[in-house]
Amino acid sequence: MKKYMLLLLIPLLLTCCNKSTSYYTIGVSQCSSGKWREKVNHEMLSAQHLYDKEVKISIANCYDNAQKQVQQIDSLIDANVDLLVIAPYEYSHITKSIERARQKNIPVVLFDRKISPKNYTAYIGGDNVEAGACIGRYALQLADRLQSQNKGRKTSVLELTGPMEMSPARERHKGFAQTITQNTLIDYQFLITNWTPEDNYKKMMAYLKAGKRPDIVFCHSDIDALGAYQAAKECGLEKSISFLGIDGLPGEGQGLEGVKSGKLAGTYIYPTHGEEIILLALNILEGKKYKQNNTIQSFVVTPTNVDDIMISTQVMMQQNDYLITIQNKLENYLGQYHTQQMVLYFLAFAFLISLVAILLIGRAIQSTRRANHQMKKANNKMKKLNEEQTLFYTNASHQLKTPLTLIAGPAKELLANCSQKKDRDKELLEILNRNVSLLEQVVYHVLNFKEQVKKAMAEDTLLSVSDDAIPNSQLLADEQHEDKSVTNDIQKGHQKMLLKLDTDELPTILVVDENSDMRKFLHTLFADNYYVIEAADGQSGLKLAREGVPDLIVSDIIMPVMNGLEFCKRIKEDPITSHIPVLLLSAQSTDHQLIEGFKNGAEAYITKPFNAQLLISHIESLLYNREKLRQQFAKSANVNLSTTPHHKDDAQKKEANEHKQEIPAVQMSTADRRFIDNLKTAILEKMADSHLKMEDLGDELGLSRVQLYRKVKALTGLTPVELLRKMRLQQAYALLLNSDKSVSEICYEVGFGTPSYFASCFKKEFDIYPADLKKNNK
């Protein structure tokens with residue numbers, strides 16, 4: 001019979017396995033952010049289901065970080081994507097990764113930028129040389145119109161390029177320069193910028209203040225051109241200069257609006273066409289014919305055609321939005337369809353299992369009858385013992401089952417009416433009902449000890465063996481279910497941490513416990529006031545703690561892989577997580593065990609079973625103390641600069657000392673003080689760099705941007721940007737009192753971009769303008 005039932009189950013299982021959805025996975029690595037990149041991503045996502053084959057797209061952005069792009073590409077390769085789409089930041093860094101992809105037979109499509117050597121599968125994107133040449137030809141037309149007005153003076157053309165080490169900037173400059181220099185009546189010059197509107201503004205302002213008056217200014221992007229336009233406007237020259245850009249994006253503050261408003265004399269629409277990228281990828285994956293180099297042409301937008309182009313662009317964007325909406329609904333419908341399919345398969349499987357169960361129950365009944373017949377022979381010997389046992393178990397049954405019934409009954413009644421309960425109440429009732437059921441089983445087995453004794457004394461143990469088989473099978477199933485639950489909980493915790501990133505709305509608590517019900521119960525307790533992430537063991541918890549830097553950790557001690565004591569010790573030894581308070585939960589309550597917990601760095605220790613309100617109070621107290629430390633730091637006016645002001649009189653010393661207080665180091669651990677010292681040193685070394693980024697500080701300290709932000713915020717109550725500005729202002733305060741440098745010189749020395757912004761920040765920090773402080777110090 002078992003053989004026949006197995007033959008029935010095999011076709012059903014094969015059918016379920018063959019129902020998986022087939023689609024291609026495409027990994028995308030972007031080199032930078034911006035409206036142009038967002039438009040490309042939007043078009044690729046809208047084209048996922050546009051063609052015959054379904055596509056799943058995963059997009060990553062390295063934000064102009066070459067090493068990060070290498071890591072992202074390697075991660076996509078390890079995920080076994082079917083095809084890679086890459087916009088390279090620096091080709092030299094990704095050459096090995098592309099070669100690794102080719103060794104794994106993963107095609108590589110480049111867009112927007114090419115690399116050398118040409119070890120990629122295909123390229124698609126705009127022609128940057130042609131883009132520069134096209135803008136150059138339009139600039140020549142503008143120059144011809146201006147020639148009669150210049151009265152013999154050469155038309156002046158200025159190009160503000162991007163960094164020449166980047167291929168788009170180099171190629172656009174090449175196309176523009178070759179075209180514009182064809183006219184000998186044009187005075188052509190170019191300046192190199194870092195490809196930001198701020199730097200274009202600064203370079204343009206310096207150029208105009210030097211007495212130079214260009215007729216035409218070409219920038220390598222629209223937002224750069226608008227930055228240069230702002231400088232001309234502040235000098236009152238915006239109407240006499242024609243500004244040109246590249247990108248031609250729609251939206252507020254973009255190129256099309258600039259042409260429409262008259263700020264730009266023209267722009268070049270740099271093509272995106274994300275849907276063509278997906279079509280090229282599908283042709284490669286399906287073995288269809290394709291071109292290795294696919295150049296997408298475009299055109300110049302002028303005041304005469306900008307209205308028509310803006311209308312067409314608006315319509316296309318709306319159509320893309322509609323398409324994505326339709327795709328989302330289609331995916332929901334497909335999900336419901338697959339769910340219904342799985343329900344049908346489950347019902348069929350359950351029906352077959354029921355047939356097997358009926359057969360096994362029949363056999364069990366026969367075995368029970370034989371066992372009863374054998375047990376009757378032993379009843380006479382056990383009669384007296386049975387009378388005593390009956391009295392004991394009757395009393396025990398009443399003492400244990402009566403309160404257990406009074407707990408289980410109301411719990412099941414409340415759970416039956418849970419549709420009117422809040423989600424939090426429902427979760428608590430489910431946990432209560434599940435654990436009451438476990439307790440009922442334990443009580444049942446304890447109270448049936450008498451029956452086990454009878455079975456042990458029986459000569460035929462066949463019944464005992466068959467009875468034990470079911471619990472053992474159930475135990476194995478429960479263990480497998482628990483393993484799956486732990487894996488799912490770790491994945492969910494990691495996903496929540498990646499999604500949260502650096503949001504700061506609620507304090508974050510990391511819950512580390514092997515038991516999924518305990519994690520769910522703690523999650524329910526904390527969810528109203530805290531952002532909760534979970535891990536099932538110390539090793540997973542350590543990884544989540546390093547990635548997200550939570551505000552507090554609640555951990556069990558007895559766990560697989562890495563126990564709570566080792567986990568706590570590793571947390572306190574790691575410079576990234578050393579400041580995080582750790583609260584240990586355990587059923588171990590001896591003095592020795594408590595001492596072990598505190599030796600490993602725990603701030604608090606609560607034994608199980610615990611009072612929920614007591615646990616919450618401990619957490620509130622730990623977070624409150626940490627907040628007091630941050631407030632004390634925030635009230636301190638500075639962070640102990642390496643230079644000490646030398647004042648002219650005691651009154652000035654007193655005034656300066658009011659702005660120079662030490663960090664409240666008494667409450668900081670040695671590791672945290674060392675971190676603050678290293679942070680101060682890194683800031684002082686790079687303070688003069690007005691373009692200093694938080695990523696640079698993070699690289700100096702070996703931290704990611706998120707880790708640096710949350711570590712500094714947790715210790716000081718200030719963001720890294722606020723801390724940097726405070727230190728700059730304090731260094732400026734000392735220089736104003738102790739040097740003969742001008743306010744502008746001090747402004748640039750401490751890293752401020754403009755004296756006006758420096759004066760505004762200084763006034764806000766010290767309630768006095770720097771010029772006034774300098775004057776009063778004389």
Side-chain angles (χ1 to χ4, degrees), residues 135 139 142-143 146 149-164 169 172-173 176-177 180-181 185-246 253 258 261-267 687-692 728 732 735-736 739-763 769-772 774-775:
I135 285 291
L142 295 178
L146 294 172
Q149 302 174 12
N150 290 338
K151 299 178 180 180
R153 179 177 63 84
K154 286 187 176 183
T155 301
S156 176
V157 176
L158 173 64
E159 179 187 7
L160 298 176
T161 77
M164 287 302 182
R172 292 177 186 180
H173 169 67
F176 184 79
I180 206 70
T181 53
L185 297 177
I186 291 178
D187 179 16
Y188 166 66
Q189 297 183 26
F190 71 92
L191 298 175
I192 299 175
T193 76
N194 65 6
W195 217 334
T196 64
E198 293 82 9
D199 197 38
N200 276 259
Y201 167 88
K202 184 188 296 184
K203 295 288 175 57
M204 187 67 190
M205 182 64 76
Y207 191 82
L208 294 175
K209 287 186 176 181
K212 301 176 182 179
R213 297 293 183 269
D215 298 302
I216 300 172
V217 176
F218 165 51
C219 299
H220 281 200
S221 73
D222 292 335
I223 59 173
D224 289 348
L226 291 171
Y229 171 85
Q230 183 63 31
K233 183 177 180 181
E234 292 179 9
C235 295
L237 300 173
E238 76 277 9
K239 295 188 180 297
S240 62
I241 303 174
S242 298
F243 291 90
L244 303 175
I246 288 182
S261 64
K263 296 179 180 179
L264 301 182
T267 182
M687 181 178 289
D689 183 5
S690 61
H691 300 290
L692 178 61
R728 282 173 166 166
L735 291 173
L736 286 167
S739 72
D740 295 327
K741 297 179 180 179
S742 67
V743 173
S744 296
E745 289 175 333
I746 293 174
C747 161
Y748 295 123
E749 183 175 336
V750 299
F752 281 88
T754 61
S756 60
Y757 179 65
F758 165 67
S760 174
C761 294
F762 194 94
K763 169 68 173 175
Y769 285 107
D772 294 340
K774 185 83 175 172
K775 181 179 179 182

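The shown structure was predicted, so the numbers you read here are calculated from the model rather than taken from an experiment.
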- Message: Quick one: does any side-chain atom of S261 pair with a main-chain N or O of G258 as donor and acceptor, under 3.5 Å?
- Response: yes

- How far does OG of S760 sit from CZ of F752, to the nearest 0.5 angstrom? 9.5 Å

- From E745 atom CD to D740 atom CG, the distance as rounded to the nearest 0.5 Å: 10.0 Å

- Item | Where A225 and F243 come nearest, the two heavy atoms and their spacing | O-CD2, 4.0 Å

- Message: To check you understand the geometry: which heavy-atom pair defines the closest contact between V750 and A732, and what is its length?
- Response: CG1-N, 3.9 Å

- Is E159 close to Y188 at the side-chain level, that is, under 4.5 Å between some pair of heavy atoms? yes

- Taking atom types as modelled and ignoring hydrogens, do the side chains of D224 and S221 form a donor-acceptor contact shorter than 3.5 angstrom? yes

- Message: Checking side-chain polar atoms at under 3.5 Å, does D215 have a donor or acceptor matched by the opposite partner on T155?
- Response: no

- Message: Just by distance, no angles: are the side chains of E238 and Y229 close enough, under 3.5 Å, to form a donor-acceptor pair?
- Response: no

- Item | Least distance between heavy atoms, P214 atom then L158 atom | CB-CB, 4.1 Å

- Task: Show your working on side chain to side chain contact (heavy atoms under 4.5 Å, CB included) between M204 and I241 and close with a plain yes or no.
- Result: CA-CA 12 Å; M204 187 67 190; I241 303 174; 4.0 Å; yes

- Compare every heavy atom of I192 with every heavy atom of P163, then report the nearest pair and how far apart it is. CA-CG2, 4.2 Å

- Query: With a 4.5 Å heavy-atom cut-off, do S739 and I746 have their side chains touching?
  - Reply: yes

- May I ask you to test the Q189-L191 pair for a side-chain heavy-atom distance under 4.5 Å? no

- Message: I need the minimum non-hydrogen distance between I180 and A139, along with the two atoms involved.
- Response: CD1-CB, 3.8 Å

- Item | Side-chain touch F758/R728, heavy atoms, less than 4.5 angstrom | no

- Out of curiosity, T161 OG1 to F218 CZ, how far, rounded to the nearest 0.5 Å? 9.5 Å

- Message: Within a 6.0 Å radius of atom NZ on K233, are there more than 12 heavy atoms belonging to other residues, nucleotides or ligands?
- Response: no

- Query: To the nearest 0.5 Å, how far apart are CG in L244 and OG1 in T267?
  - Reply: 8.5 Å

- Please answer whether the main-chain N or O of K741 pairs with a side-chain N or O of K774 as donor and acceptor at a distance below 3.5 Å. yes

- Message: Any heavy-atom pair between the side chains of F176 and V157 that's under 4.5 Å?
- Response: yes

- Measure the acute angle between the ring planes of H220 and W195, then classify it against the limits of 30° and 60° as parallel, tilted or perpendicular. perpendicular

- Any side-chain heavy atom of I216 sitting closer than 4.5 Å to one from L146? yes

- Message: Working to the nearest 0.5 angstrom, can you tell me the gap between K209 NZ and E234 CD?
- Response: 8.5 Å

- Looking only at heavy atoms, the pair that brings L208 and R213 closest together is O-NH1, 2.9 Å

- Item | K263 atom NZ, neighbour heavy-atom count above 12 within 6.0 Å | no

- Task: Working to the nearest 0.5 Å, report the span between CG of L160 and CZ of F190.
- Result: 11.0 Å

